[in-house]
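Written out below as C-alpha cells is the structure these notes cover.
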Amino acid sequence: MKEKKATTKQVTVDNSTVQDVNKETEAKEIEAKKTETKKKETKKTEAKKAETKKTVKKVSEKNEAKKATTAKKTVKKANSKINAKVLFQYSGNEIDADALLEQAKVQYVASGGAEKEIKTLELYIKPEDNAAYYVVNGVPAGKVVIFA
C-alpha cells in the first residue's frame, strides 16, 4: 500500500485582505443577529396581538350579552303596557273573555276547589253549545254558560 503524504501550501495574504474578510464576516453575523431579533420581536408582537384579539372578543361577547339582556327587558316592559280586550260574538250576542275566565274561577271555587290551587286555567269556547268548558291544572273541571 502506498502512503499519502499531507501537503501543506503556504499562502501569503495581505493583512488588509484578511481584515476585509473579517469585517465582512462580522457584518454578516451582525445582520443575522438583527434578523433573528426582529423575528423574535415579531413573534412576541403577534402573540400579544392574538391575546388582545381574544380579550377584545371576550369583552365584546360580554357586551353583546348585556345588550341582548337589556333588549329583552325593554321588550318585556313594552308588552306589559298593552291594554288588550277580547270579545266573543255569536248570533247577535257578545261576551268578554275576562268575564268568562272570572265565571270559570267562581264556579270552580263554588264546586269545592280552592283559588290558590289554580296554576293553569284553560278555557275552550264552543258557541254552538252555548258553553265555555274550563280545565284547571290539566283536569277538566266544568262548563260555563256563555250567552244566558
Side-chain angles (χ1 to χ4, degrees), residues 4 6 9 11 13-148:
K4 290 188 178 181
K9 291 185 182 179
V11 180
V13 181
D14 269 347
N15 273 345
S16 64
T17 306
V18 173
Q19 287 176 350
D20 288 341
V21 170
N22 285 341
K23 286 181 183 177
E24 287 177 16
T25 306
E26 286 177 11
K28 287 180 182 177
E29 288 175 0
I30 291 172
E31 204 53 45
K33 286 181 181 178
K34 285 182 181 178
T35 305
E36 280 184 46
T37 306
K38 286 182 181 178
K39 286 181 181 177
K40 288 180 182 177
E41 288 176 0
T42 303
K43 287 181 182 178
K44 287 180 182 178
T45 304
E46 288 175 357
K48 287 181 181 179
K49 285 181 181 178
E51 286 181 34
T52 303
K53 285 181 181 178
K54 287 180 183 177
T55 305
V56 168
K57 187 175 180 181
K58 287 180 183 177
V59 169
S60 65
E61 287 175 354
K62 287 180 182 178
N63 287 341
E64 288 176 12
K66 287 181 182 178
K67 288 178 184 177
T69 305
T70 304
K72 288 179 184 176
K73 289 179 182 177
T74 304
V75 170
K76 287 181 182 178
K77 289 180 181 177
N79 288 341
S80 66
K81 293 181 182 179
I82 295 175
N83 188 8
K85 186 173 185 175
V86 179
L87 299 171
F88 295 100
Q89 294 179 339
Y90 183 74
S91 294
N93 295 314
E94 181 177 279
I95 190 160
D96 185 12
D98 292 331
L100 282 176
L101 284 170
E102 191 59 38
Q103 285 178 4
K105 282 183 194 176
V106 169
Q107 225 175 24
Y108 178 73
V109 172
S111 66
E115 192 171 342
K116 292 180 183 178
E117 292 176 351
I118 301 174
K119 292 179 182 159
T120 61
L121 178 62
E122 300 169 24
L123 198 60
Y124 297 90
I125 301 168
K126 291 187 71 176
E128 63 272 7
D129 292 347
N130 194 29
Y133 299 93
Y134 60 94
V135 178
V136 178
N137 301 332
V139 178
K143 76 175 186 175
V144 176
V145 176
I146 51 176
F147 304 118

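- When all heavy atoms of A132 and L123 are compared, the pair lying nearest together is CB-CD1, 4.0 Å.
- For N93, the side chain to side chain contact (heavy atoms under 4.5 Å, CB included) test picks out F147, with sequence neighbours left out.
- Scored by the side-chain hydrogen bond (donor to acceptor under 3.5 Å, both in side chains) test, E94 finds Q89 as partners (sequence neighbours excluded).
- The two residues L87 and D96 have their closest heavy-atom pair at CD2-CA, 3.7 Å.
- Legend: side chain to side chain donor-acceptor pair (under 3.5 Å) pairs involving residues 115-124, not counting sequence neighbours, sorted by first then second residue: Y108-E117, E122-Y124.
- Residues I146 and I95 come closest through the heavy atom pair O-CD1, 3.3 Å.
- With sequence neighbours excluded, the residues that form a side chain to side chain contact (heavy atoms under 4.5 Å, CB included) with V86 are F88, A97.
- By the 4.5 Å heavy-atom criterion applied to side chains, Y134 and K105 are not counted as neighbours.
- Residues passing the salt bridge (Lys or Arg N to Asp or Glu O under 4.0 Å) test with D98: none are found, sequence neighbours excluded.
- Listed here is the closest heavy atom pair of V135 and P140: CG1-N, 3.8 Å.
- With sequence neighbours excluded, no residue forms a salt bridge (Lys or Arg N to Asp or Glu O under 4.0 Å) with K143.
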